[in-house]
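For the single chain, residues carry numbers from 1 onward in sequence order. For the numbers below, each heavy atom of this structure counts, side chains included, while hydrogens, waters and symmetry mates do not.
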Amino acid sequence: LYTYSTSDWMLLNRHKGKWPYKTIEDLKRKIDADINLSHPTSAQIILGHDKDEIENVLPDLVDHLLRKQFNFKGVA
């Protein structure tokens with residue numbers, strides 16, 4: 001079990017341009033390149049933020065993960 005940060009916070013206005021990931025597409029490439037996420041027996045806790053200024057980022061990243069056949073399970 002690993003914790004995976006979407007790094008969506010890097011797209012907040014106060015952080016934008018100061019970090020390697022500057023767009024949603026950059027974050028998707030980060031997901032695609034992560035070897036732990038692509039391992040078939042791995043389990044991850046995905047961290048994302050619900051800030052108004054990046055409200056579309058997390059749903060876009062979740063959609064990307066779903067298109068890549070990731071399974072999400074609820075935590076009780």
Side-chain angles (χ1 to χ4, degrees):
L1 179 66
Y2 292 97
T3 301
Y4 177 80
S5 173
T6 62
S7 299
D8 59 349
W9 58 269
M10 291 183 191
L11 301 186
L12 289 166
N13 289 330
R14 68 178 181 264
H15 296 294
K16 201 167 190 176
K18 299 176 185 175
W19 300 95
Y21 306 104
K22 296 172 178 57
T23 67
I24 293 174
E25 293 306 313
D26 289 341
L27 296 177
K28 289 177 184 178
R29 283 189 288 278
K30 178 182 183 264
I31 288 169
D32 295 344
D34 190 290
I35 59 170
N36 291 312
L37 285 178
S38 63
H39 194 276
T41 61
S42 72
Q44 313 290 328
I45 296 172
I46 306 292
L47 298 177
H49 298 83
D50 62 352
K51 301 285 187 182
D52 288 342
E53 68 183 88
I54 57 170
E55 67 183 325
N56 63 323
V57 173
L58 188 58
D60 226 16
L61 296 177
V62 169
D63 286 345
H64 181 72
L65 290 164
L66 289 171
R67 281 190 298 276
K68 293 179 64 64
Q69 305 297 313
F70 280 74
N71 295 311
F72 288 88
K73 296 182 180 180
V75 178

Check your understanding: Do you know which two heavy atoms are closest between W9 and H15, and how far apart they sit?
Key -> O-CD2, 3.5 Å
Study note, to complete from the structure: Nearest heavy-atom contact between Q44 and N36 is NE2-O, 3.4 Å
Same cluster for [X] and [Y] if Ile/Leu/Val/Met/Phe/Trp/Tyr side chains link at under 4.5 Å?
X	Y	answer
L65	I45	no
L12	L61	yes
L66	L47	no

Point to revise | Test item: I46 and F70 side chains (from C-beta on) under 4.5 Å apart, heavy atoms | key: no
**Study point:** Sub-4.5 Å side-chain heavy-atom contact between K30 and M10
**Key:** no
Practice item. State whether D32 and R29 are salt-bridged, where the test is any N-O pair (Lys NZ or Arg NE/NH1/NH2 against Asp/Glu carboxylate O) under 4.0 Å. Key: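 Between R29 and D32 there is no salt bridge, as every charged N stays at least 4.0 Å from the carboxylate O atoms.
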Practice item. Verify the neighbour count for atom NZ of K22: are there more than 12 heavy atoms of other residues, nucleotides or ligands below 6.0 Å? Key: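 Enclosed: over 12 neighbouring heavy atoms sit under 6.0 Å from NZ of K22.
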**Study point:** Donor-acceptor pair, side chain of D60 and main chain of N56, under 3.5 angstrom
**Key:**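 Checking the backbone N and O of N56 against the side chain of D60, no donor-acceptor pair under 3.5 Å is found.
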Exercise for review: Check for a donor-acceptor pair, side chain of D8 on one end and backbone N or O of L58 on the other, with a separation under 3.5 Å.
Suggested key: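 No; judged by distance alone, with no hydrogens or angles, the pair does not exist.
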Check your understanding: What residues, two or more places apart in sequence or in another chain, satisfy salt bridge (charged side-chain N to carboxylate O under 4.0 Å, His left out) together with D63?
Key ->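 None.
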Exercise for review: Check T6, D26, I54 against L11 for a side-chain contact (heavy atoms from CB on, under 4.5 Å) and give me the one that passes.
Suggested key: I54
Review point. Would R67 and K28 count as a side-chain contact (heavy atoms from CB on, under 4.5 Å) if you check the C-alpha gap in whole Å, the side-chain angles of each, and the deciding distance to 0.1 Å?
Key: CA-CA 11 Å; R67 281 190 298 276; K28 289 177 184 178; 4.0 Å; yes
